[in-house]
There are 2 protein chains.
Amino acid sequence: MSDELPALPWDRARRRTPARIPLTPERIVDAAYTVLDREGYEKLSMRQVATELGVAVSALYTHVSSKDELLELMYLRLFRGWTLPDPDPARWREQVADFAREGLKRLRGHRDLARISMTGVPFSPEVLPQMERLVSLFRVAGLPDRVAGAAGDIISTFIDGFAFEESMLENRRRGSDGLSWPDMRAHLRQFFADLPPDRFPNLIALADHMLPRDEDDRFDLAVEIIIRGLASFAEEAAENAATAGHPGPTARSAAGGPEETGERGEG
Amino acid sequence: MSDELPALPWDRARRRTPARIPLTPERIVDAAYTVLDREGYEKLSMRQVATELGVAVSALYTHVSSKDELLELMYLRLFRGWTLPDPDPARWREQVADFAREGLKRLRGHRDLARISMTGVPFSPEVLPQMERLVSLFRVAGLPDRVAGAAGDIISTFIDGFAFEESMLENRRRGSDGLSWPDMRAHLRQFFADLPPDRFPNLIALADHMLPRDEDDRFDLAVEIIIRGLASFAEEAAENAATAGHPGPTARSAAGGPEETGERGEG
DNA sequence: ACGCTTCGGAGAACAGTGTTCTCTAGATGG
DNA sequence: CCATCTAGAGAACACTGTTCTCCGAAGCGT
């Protein structure tokens, strides 16, 4: 603002103490992320954030109305610079998988971030464009409306839940002992091996596949399962469209059933 | 224990004040659930639980080592008296759907219980039988090992995540206003209707299907999607088994690709 | 360059949290 | 009846989120 005015004589003196960087929501969120990464969600407190900034606690409240709002601002960072590609009907499965992987990657970007994400409001202006493009992707893929409308929510819920449980396990590993991840895995493998074979034959048989996730395989598999489930609805819709009017023996439309057109006279 | 001994003279006097019911983990968990239902997760504190029991806070710590342990005990109640039926290959889809619905019903049984469930340890002795039967169900259904081993985790994660978000929304409804659920729905419908049509055409088009869950339809749909995804792996495995050795043109195995048979030499 | 207003940060305070300590009163074993 | 032991009481500690008052420095008009 004062940059455009001619400099007054005493201007220089007043510019001499810019040592104090102005406090902003942006800087507060930065500091909060620093504390989060270092201390974890449980110890993320307004006082810790203030200390991180070298500032009084009360100073935070002039830029951030509450801790909940701070958490909300941290949540919104998840979506910064995250734009989904234009939907491509031929590659929608890949695109959904890419979306899921990117989401998990971002949630893994900061310790316990999944705990914060889980409680975030999904209807904020920053998130809506994401939802819009995701929904458009599902529509382009040929999913019926009611499936397309729910699909984004379903896969997002799963990504959050997966990352959340991962974060829980990681904290448990940190807390109980200083066990490394391989040690933790070995320990759990032994746990499954030591189960009474008469009571837990299946858990023992699949022990290798029951181990907690330390790579992306299980996540990718889960996403693939969801995508296949979605795809089955797309195929079903395509078949129904092809045989419209004269219902032939569609072998696998057992679960679908007729769908009410939700037209209401008030929108 | 002392019932079997002959009564001593001062026995009567000592029996005269049984007014004090002995404190047990069981009673503490009961009281904690009472507080949870009345006040919600955020206000569930050891002091509130103690007050509910008419007891000092420190008294709780002789029966429960920490608040975390109390939460863990509350979590374990989820599984009390919950036994899965014997797996039936012909009805495995229904059985999985029933399991999911029962889980959601139990999570809905107490306010914010999903928040507690999300952080619960899934490897406790009380939960393992559940897992065992679930895994056996997936194996009987014909899922390949690596899918069967992950399926239980996947669907459980989703159930928890779904209930968690539901609980978040419910708390938000409670907090912001005293809006009834229909009012909340109407409000959100209006929100979607008021979106700029050029930027959010798909969200607006599917507004009716984007509304937050207030019935079980969306949950059932999500479970159906996951089950269909699982089923596709079962079908794939069946086909592979049938045409083993001479790979014929399997029409619908576009996304699957060749699958490594995860046989390891140590089980 | 002066005075005035404005406002962001500081510090103390309040009510509440989980947990631990000491101590007493009442039930238990001899 | 007495000694013992322990479950519960109460106070205390180190925290938490939030709000209050107050001060000092920056910004304005003159």
Side-chain angles (χ1 to χ4, degrees), chain A residues 1-28 31-32 35-36 39-74 119 175, chain B residues 1-28 31-32 35-36 39-74 119 175:
Chain A
M1 313 247 317
S2 56
D3 295 341
E4 324 166 1
L5 299 176
L8 293 179
W10 56 88
D11 236 28
R12 195 178 42 87
R14 129 156 76 103
R15 293 269 162 201
R16 196 111 59 93
T17 24
R20 202 186 237 163
I21 315 166
L23 210 53
T24 61
E26 194 67 16
R27 287 189 61 220
I28 295 178
V35 174
L36 185 68
E39 313 275 359
Y41 179 79
E42 303 275 324
K43 319 216 94 177
L44 171 61
S45 70
M46 299 300 272
R47 274 170 172 86
Q48 289 285 328
V49 175
T51 304
E52 180 69 27
L53 288 164
V55 129
V57 212
S58 54
L60 302 179
Y61 284 84
T62 55
H63 303 273
V64 148
S65 68
S66 69
K67 186 183 181 182
D68 279 340
E69 183 180 314
L70 173 54
L71 293 176
E72 183 76 15
L73 291 177
M74 297 177 75
T119 71
Chain B
M1 305 184 68
S2 58
D3 295 342
E4 323 166 0
L5 300 177
L8 294 178
W10 53 88
D11 233 29
R12 195 177 44 85
R14 127 155 80 100
R15 293 269 166 203
R16 194 110 61 92
T17 24
R20 201 186 238 166
I21 315 165
L23 210 53
T24 62
E26 194 67 16
R27 287 189 62 219
I28 295 179
V35 174
L36 185 68
E39 313 275 357
Y41 179 78
E42 304 275 323
K43 320 217 93 178
L44 171 62
S45 69
M46 299 299 273
R47 275 169 173 87
Q48 288 286 328
V49 174
T51 304
E52 181 68 26
L53 288 164
V55 130
V57 211
S58 55
L60 303 178
Y61 284 84
T62 54
H63 304 271
V64 148
S65 69
S66 69
K67 186 184 180 182
D68 278 341
E69 183 180 316
L70 173 53
L71 293 176
E72 183 76 14
L73 291 177
M74 296 176 76
T119 72

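Chain identifiers are assigned alphabetically (A, B, ...) following the order of the sequence lines, protein sequences preceding nucleic acid strands; residue numbering begins at 1 within each chain.
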Would you indicate which nucleotide in C/dG18, D/dG17, C/dG9 comes nearest to any side-chain atom of A/Ser45?
-> D/dG17
Between C/dT19, D/dA9, D/dT16, spot the one nearest the side chain of B/Ser66, thanks.
-> C/dT19
Is there a donor and acceptor pair closer than 3.5 Å between the side chain of B/Thr62 and the base of D/dG8?
-> no
Out of D/dT18, D/dG17, C/dT17, which nucleotide sits closest to the side chain of A/Val57?
-> D/dT18
Closest to the side chain of B/Lys67, out of D/dA9, C/dT19, D/dT19, is C/dT19
Looking only at side-chain atoms of B/Tyr61, point me to the closest of C/dC21, D/dG8, C/dG18.
-> C/dG18
B/Ser58 side chain, from C-beta outward: closest of C/dG18, D/dT18, C/dT20 | C/dT20
Take A/Ser65 and B/Leu23, find for each the nucleotide of DNA chain D with the closest heavy atom, and name the residue whose nucleotide sits nearer the 5' end.
-> B/Leu23
Main-chain N/O of A/Ile28 paired to A/His63 side chain as donor or acceptor, under 3.5 Å | no
Would you say B/Lys43's side chain and B/Gln48's backbone share a donor-acceptor pair under 3.5 angstrom?
-> no
Picking from C/dA10, D/dG10, D/dT19, which would you name as closest to the side chain of B/Ala56?
-> D/dG10
Just compare D/dG8, D/dT16, C/dA10 and give me whichever is closest to any side-chain atom of A/Gln48.
-> D/dT16
